[in-house]
*Asks:* 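The structure is given below, and queries will be raised subsequently.
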Amino acid sequence: MGGFGYPKRREQPKKHEGEGSMASNKRLLVLPGDGIGPEVMGEVRRVIDWMDRRRAVSFDVEEDLVGGAAFDAHGTPLHDNTMARAHEVDAVLLGAVGGPKWDSLPFGQKPERGLLRLRKEMGLFANLRPALCFEALVEASSLKPEIVSGLDLMIVRELTGGVYFGEPRGIEELPDGERRGINTQVYTTEEIRRVAAVAFELARKRGSKLCSVEKANVMESGVLWREEVTKLHGEGYEDVELSHMYADNCAMQLVRYPKQFDVIVTDNLFGDMLSDEAAMLTGSLGMLPSASLGATDETGRRKALYEPVHGSAPDITGEGKANPLATLLSFAMALRYSFDLADDADLIERAVEKVLADGKRTGDIAGPGGQAISTEAMGSALIEELDRMAA
Ligand code: IPM
Ligand code: MG
């Protein structure tokens, strides 16, 4: 089995010049956020402490507020100081944002705006969402075991463009008293090319297959998307097998025969939806990590934010039921992509695999009638496993 975000063939991601220097200043900004965010992050902090003690890998960990928690403290879902810190650190690890408490806030103050501002201002245009089915969880999927067993696909979602940010947007009053809600789907050549390049590179290190997804049958932005991805393919990525699919068909193919996919590249909105769908194939949203990456600078560094694909789960907040594995696996992706610590990332991923194989389950993956353990017990099981593996 490949690791999360890990090339299928177990090759290391290519190193950029100067990347080695990254390991020396490991500044990590932790933003637990709302709902189950602080609970799951608490377990990840235990693993970070463990690494400090047992692997001599220490991080300069700073913690701050985002989302509803930041709104309650500062009247804004992301304080400018927090934004500034996010720019300075080597990586940001985020829990989750949002909850019913803040639902009636004006749009610009909603918890989600804090996350969207981080993505936009850090320039995190490539969102990597691996969907990998742990063998021990094959039964937890709502699909038949033979459909999901061995599943290992990667969705590359464009994250700073499209309808999420397009202008014009808003809700306006019409002269006749009607109201009109407006959002704009817009993509430029460069926005398409840079995310497609990330996807081609990733595909090359995995199964060498890329499926580009849009709705070119109804949207001009989709036509452009298809043309630009095709053009880029011809400019040095011919070794990767490229196919195109309409987003609705892709949604259907994901439940029909998901193993046909290696890497999928798609826009912000389709990527949001298709990644939730792909996540569920693997048994639970509580398992899936993600990495959001910006452009590489002259020194080989990328701005990066890591977060679970799941949300703040207000329905189970404070009950100790949340699954901390998606956030922990997001931290493992940070080790791999931002800190050049692939061995440590491997160790965490193997510990997760082992703990699951031992039958440890939080409620989301316990299955009907299965025995569920608490968030904290899952954290403890992991630490024990890490102790055993490092002994
Ligand atoms: C995600 C989430 C976010 C999104 C929300 C919380 C703004 O659903 O990361 O998938 O829509 O991008
Ligand atoms: Mg989503």
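When a ligand or atom number is given, it counts from 1 through the structure's own listing order.
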*Asks:* Using distance alone, with no hydrogens and no angle criterion, decide if D90 and S338 have a side-chain donor and acceptor under 3.5 Å apart.
*Replies:*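 No - no donor-acceptor pair under 3.5 Å links their side chains.
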
*Asks:* Check each of K215, Q185, R157 against D267 using the side-chain hydrogen bond (donor to acceptor under 3.5 Å, both in side chains) test, and report the only one that passes.
*Replies:*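 With D267 as partner, side-chain hydrogen bond (donor to acceptor under 3.5 Å, both in side chains) holds for just one option, Q185.
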
*Asks:* How does R129 reach ligand 1, if at all, at less than 4.0 Å between non-hydrogen atoms: by side chain, backbone, both, or neither?
*Replies:*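 Near ligand 1, R129 shows its side chain, while the N, CA, C and O stay back.
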
*Asks:* At what distance is the nearest protein heavy atom to atom 10 (O) of ligand 1, and which residue and atom is it?
*Replies:*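 Here the nearest protein heavy atom works out to D272 OD1, 2.8 Å.
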
*Asks:* With no hydrogens and no angle check, just 3.5 Å: does a side-chain donor-acceptor pair link Y187 and E228?
*Replies:*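 On atom types as modelled, these side chains do not qualify, holding no pair under 3.5 Å.
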
*Asks:* Would you confirm whether the ring centroid of F270 sits within less than 6.0 angstrom of the ring centroid of Y246?
*Replies:*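 Ring centroids of Y246 and F270 are no less than 6.0 Å from each other.
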
*Asks:* Can you tell me if an N/O/S atom from D272 lies under 2.8 Å from the Mg ion (ligand 2)?
*Replies:*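 Yes, within the cut-off.
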
*Asks:* Check if R157 has a non-hydrogen atom at a distance under 4.0 Å from any atom of ligand 1.
*Replies:*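 R157: in contact with ligand 1 (<4.0 Å).
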
*Asks:* Could you find the nearest protein heavy atom to atom 4 (C) of ligand 1 and give me its residue, atom name and distance?
*Replies:*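 Of every protein heavy atom, Y164 OH, 3.4 Å lies nearest to atom 4 (C) of ligand 1.
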
*Asks:* So, H244 versus T230: side-chain donor-acceptor pair below 3.5 Å or not?
*Replies:*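 On atom types as modelled, these side chains qualify, holding a pair under 3.5 Å.
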
*Asks:* Do any nitrogen or oxygen atoms of D276 lie less than 3.5 angstrom from nitrogen or oxygen atoms of ligand 1?
*Replies:*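 No, since none of the N or O atoms of D276 sits under 3.5 Å from an N or O of ligand 1.
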
*Asks:* If you have a sec, work out which protein heavy atom is nearest atom 9 (O) of ligand 1 and how many Å separate them, to one decimal?
*Replies:*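 Residue, atom and distance for the closest contact: R119 NH2, 2.7 Å.
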
*Asks:* Could you tell me the residue and atom name of the protein heavy atom closest to atom 5 (C) of ligand 1, and the distance to it rounded to 0.1 Å?
*Replies:*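 Here the nearest protein heavy atom works out to E112 CG, 4.3 Å.
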
*Asks:* Carefully, step by step, assess L159 and K120 under the rule side-chain contact (heavy atoms from CB on, under 4.5 Å).
*Replies:* CA-CA 8 Å; L159 203 61; K120 187 70 175 175; over 6 Å; no

